[in-house]
Every structure is written in C-alpha cells, then in structure tokens.
A.B. asks: 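Please read through the structure below; I'll follow up with questions.
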Amino acid sequence: MRKISNFQIVPEIIFGEGAASQLGSAAKKFGSRVLLVVDPAIVKAKLLEPLTAPLRSEGLRVFTFSDVEPEPWVETADEAGRIAREEKCDSVIGAGGGSAMDVAKAAAVLATNPGKASDYQGLDLVKKPGLAKIMVPTTAGTGSEVTFTSVLSRKKPKMKAGINGKYLFPEIAVLDPALTLTVPPLVTATTGMDALTHAIEAYTSLQASPMSDTTAREAIKLIGANLRTAVHEGENLTARSNMLLGSLLAGTAIANAGVGAVHALAYPLGGSFRVPHGTANGLLLSYVMQFNVSGCAEKYADVALLLGMSDNGDKPDILAGRAISAVTKLGEDIKIPRRLRELNIEEKYFPEMADSAMKVSRPLENNPRKVGKEEAIAIYAEAL
Ligand code: NAD
C-alpha cells in the first residue's frame, strides 16, 4: 500500500518563449502598484525593458529595486520589504536568479509582517499572508519560483538559512527561456548542477511520493540531455528552454519531497565561505551519491538510465555506480569546480563545517542514508 502523500504546486505557471509579455496582465490581478526586485545582471544585459514594458502597458506603477547581491543578505530583504510597505505595493515581482527571487519573496511577507527578515528564518514563523508574489527566473537552477522558501545570509553568526512557510509560495511563476540566454557559461553550469541536485535529492528523499518522483524523473532527463549544450552553446534556445523546464520541475519536486545531504553539507560552504549555492551543490553531488549508494541503489539505477546510461541487464548496484560516473563526467565536461581545495577550503575547517551541516536537520532527515558528524567529515575529505 502506498503511504499518504500530499503535493502542492504554485497555482499558475506561465511557460514559454515570450512569456514575459504576460507579466502585466498577471500583476494587474492583484492591484496597480508593483515592486520589481530585479537582478543587476538583468539591467546590465538590457533585459529590464521586456519586463517593465508589459507592466507599463497595463498602466501599472512600478518601483524597481536592483540592489541584490548573490547569496543575498537579510538586510537586503529588509530594505526591499521597506520599499514595498512604504510605497503601498500590491504585488512583488522577483526577476533574476534565486538571489533576486528570494529577496522578492521575503520582501512580500516583510511588507505585511512586523520585524526583520532574520526574525523569520525557520519554519512557519511568518504568521500573516504577504503581498502577491510573481516570480520570473532568469537562471535555470534554483526552482525558487515554485518553492515556499527564501534563503538569506547572515553576517553574525555567518550562516545561511531559509524563511520557510506557506506564505512564501508564489502566486504566479512566469518562465521565459529568452531571459536566460545571457547567463554566462560557468553560471549556466553551476546553476544547472543545482537543478540536477534538486531532482536527484528529491527523487531519493525519504519524503518522495509518486507525484514528486514524476517531476523529479523528468527533470533529471531534461537536465542530463541539455545542460552541456546550454553551457557550450549559450544561444541555443531549445537547450535553454529545456533547462528552464527541468529546473522548474526539479523545484516542484523539492517543494514536496525536500532535499537531502548535499544541501545540508553545502550550506556551510555558502554560509562561511560565500561559495555560490550551485557551485557548492554541484561539487558535492557525486561524493554524497557515492556515500548514499547503499541506501538507494534502485533509485540511482533509474537515475543512470534517465541520464542516458545503457542498461545491459545489469544489477541495480552496477547501474547505480554508472549514475555516479555520469554525474562526475557531466561536472567535468561543463568544468565546474570539482574539489574543495579549488575553493581554498582546507581540511582544518571540516569539523566546524560538519557541526554546521548537522544543524540543517530537515534535509538530513530526508536523506536515504544517515549522515552524522563523522560521516560528514569523511564526505568533505573525499571532496578535498
Ligand atoms: P544568483 O541568483 O545569485 O545568480 C548568479 C549570477 O548570475 C549572479 O551574478 C546574477 O547576477 C547572474 N545572472 C542571473 N540571471 C542572469 C542573466 N539572465 N544573464 C546574465 N547573468 C545573470 O544564483 P542562483 O543560483 O540562481 O541563486 C542562488 C540563490 O538562491 C542562493 O542564495 C541560494 O541559496 C538560493 N536558493 C533558493 C532556493 C529556494 O527554493 N528559494 C533553492 C535553491 C537555492
């Protein structure tokens, strides 16, 4: 008998080339005043016009906030929230990578809830609904457009943590692959590996359900077949579109099944060393898979086939090994950092990193094999 599962999804998802043109009619549903939180790279890449023109043509008043840094600080979300509140905005649009979308999601709830972003890092601490949230991803990675999380960094103590809860779920996601064409090769590679990590961790999560498995499987297939092309031929709209669909599906999978030990071990890399989220996940993925393999060989065998490896009638543990080789080879082909030492992270930091990782409890609980402090240190050592 199947165990009871529940599956939640953002109510409206608009996907396809030119989808940004629908932003005006989407935002108008919630009122006439909009805070647009936008990644500075979007302004630099001259992509602001396709975002603001549809809003203006619907007669909306747009307030633009573009001071978003990668792995954003809680104070950045506080500032965006202040503007949304003072300008009496009805909705917040987040257009950019996960960093801009997460600032936008936090701003939307800070506009209606007292206090600061840091007061709400945790689970279900946000008590009142926020402003309407419309998310427009411009990297194919985080899936933040369909998750109930806003991940923000703190300086003291140095850490990253999510504001998690039902009021963080966006009302609308608008995905236009044309907005991802300008993402540079290395960011395409690391964000794409982030999406693949989401899909694989959701698929092997102890919270996985038939519905999350369906989206995770399709995501693995799409990312495996398109990430190399998206990195090496950035102008290839088909590959970009397939990657954006893959990251969307992977985001839907983690919103329901959660993530695993890769994320728990990656958090200290971001919190203490400011390593970008996708870089940290992409680096650790194959090492954590190697550790996990005895706990989920059958599912890794599926991953191997989804990544295009051949099935010669081999046993699951042989195929599972092929999934790890496929992930390793993909990382090499797209030239992501493969070793902690490349990021100047030394062995002496491992005990402290492992202590921080142990605090990321929910992903560890979802992981198909138990990871304690010793195991975490051993995985970091493999990745050194
Ligand atoms: P990012 O948003 O920091 O963007 C990476 C870089 O790409 C930035 O320099 C940005 O300016 C640039 N960029 C973005 N779009 C571009 C475009 N179209 N053209 C050119 N450059 C572009 O990176 P990310 O990986 O998308 O997001 C990372 C953040 O998201 C982290 O803080 C991470 O913790 C968080 N995250 C959130 C969730 C969630 O569910 N909320 C899930 C995973 C990760």
Side-chain angles (χ1 to χ4, degrees), residues 10 20 37-48 50-51 66-74 76-77 94-106 108 117 121 133 135-154 159-165 168-170 173 175-199 201-202 230 234-235 240 243-244 247-248 250-256 258-259 262-264 266-271 274-282 336 360 363:
V10 164
V37 176
V38 67
D39 192 310
I42 293 298
V43 182
K44 218 166 134 197
K46 301 198 176 7
L47 292 172
L48 199 54
L51 297 170
S66 63
D67 290 336
V68 180
E69 61 282 328
E71 320 296 303
W73 301 110
V74 280
T76 305
S99 299
M101 290 192 285
D102 284 2
V103 169
K105 286 157 81 173
Q121 286 177 303
K133 295 163 290 302
M135 294 300 126
V136 188
T138 66
T139 60
T142 67
S144 175
E145 68 277 11
V146 287
T147 70
F148 53 84
T149 302
S150 161
V151 185
L152 299 169
S153 305
R154 273 155 97 152
M159 60 178 280
K160 279 175 75 178
I163 303 176
N164 305 295
L168 276 294
F169 239 135
L175 296 99
D176 188 338
L179 297 176
T180 68
L181 290 171
T182 48
V183 181
L186 183 60
V187 179
T188 303
T190 53
T191 52
M193 287 302 281
D194 185 26
L196 181 63
T197 306
H198 292 164
E201 293 218 287
E235 294 291 311
R240 292 290 195 180
M243 281 303 301
L244 197 59
S247 59
L248 164 74
T252 304
I254 58 168
N256 290 281
V259 290
V262 178
H263 276 74
Y267 260 66
L269 271 65
R274 302 286 290 159
V275 175
H277 178 78
T279 305
N281 275 348
I336 58 165
V360 193

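Because only heavy atoms are used, hydrogens play no part in the values below, and waters and symmetry mates are left out as well, while side chains stay in. Note that the numbering runs from 1 along the sequence shown for the chain. Read the numbers this way: they start at 1 and go in the same order the structure lists the ligands and their atoms.
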A.B. asks: With Glu71 as reference, evaluate Arg274, Lys160, Arg154 under the salt bridge (Lys or Arg N to Asp or Glu O under 4.0 Å) test and give the passing residue.
C.D. replies: Lys160
A.B. asks: Do you know which two heavy atoms are closest between Ile163 and Gln121, and how far apart they sit?
C.D. replies: CG1-CG, 3.9 Å
A.B. asks: Indicate whether the side chain of Lys105 and that of Thr147 have a donor and an acceptor atom separated by less than 3.5 Å.
C.D. replies: yes
A.B. asks: Can you say whether the rings of His277 and Tyr267 are parallel (under 30°), tilted (30 to 60°) or perpendicular (over 60°)?
C.D. replies: perpendicular
A.B. asks: Give me the atom names and distance for the closest heavy-atom approach of Ala140 to Ala195.
C.D. replies: O-CB, 4.3 Å
A.B. asks: Present, as a list of atom pairs with distances to 0.1 Å, all nitrogen or oxygen contacts under 3.5 Å between ligand 1 and the protein.
C.D. replies:
residue  : atom   : partner : partner atom : Å
ligand 1 : 2 (O)  : Gly98   : N            : 3.2
ligand 1 : 2 (O)  : Ser99   : N            : 3.0
ligand 1 : 2 (O)  : Ser99   : OG           : 3.2
ligand 1 : 3 (O)  : Ser99   : OG           : 2.7
ligand 1 : 11 (O) : Asp39   : OD1          : 2.6
ligand 1 : 11 (O) : Asp39   : OD2          : 3.2
ligand 1 : 15 (N) : Thr138  : OG1          : 2.7
ligand 1 : 18 (N) : Thr138  : O            : 3.4
ligand 1 : 18 (N) : Leu179  : O            : 2.9
ligand 1 : 18 (N) : Thr182  : OG1          : 3.3
ligand 1 : 19 (N) : Thr182  : OG1          : 2.8
ligand 1 : 26 (O) : Gly98   : N            : 2.8
ligand 1 : 26 (O) : Thr139  : OG1          : 2.8
ligand 1 : 27 (O) : Gly98   : N            : 3.1
ligand 1 : 34 (O) : Lys160  : NZ           : 2.9
ligand 1 : 40 (O) : Thr147  : OG1          : 2.5
ligand 1 : 41 (N) : Asp102  : OD1          : 2.9
ligand 1 : 41 (N) : Asp102  : OD2          : 3.2
ligand 1 : 41 (N) : Ser144  : OG           : 3.2
ligand 1 : 41 (N) : Thr149  : O            : 3.0

A.B. asks: Any sub-3.5 Å donor-acceptor pair from Asp102's side-chain atoms to Val151's backbone N or O?
C.D. replies: yes
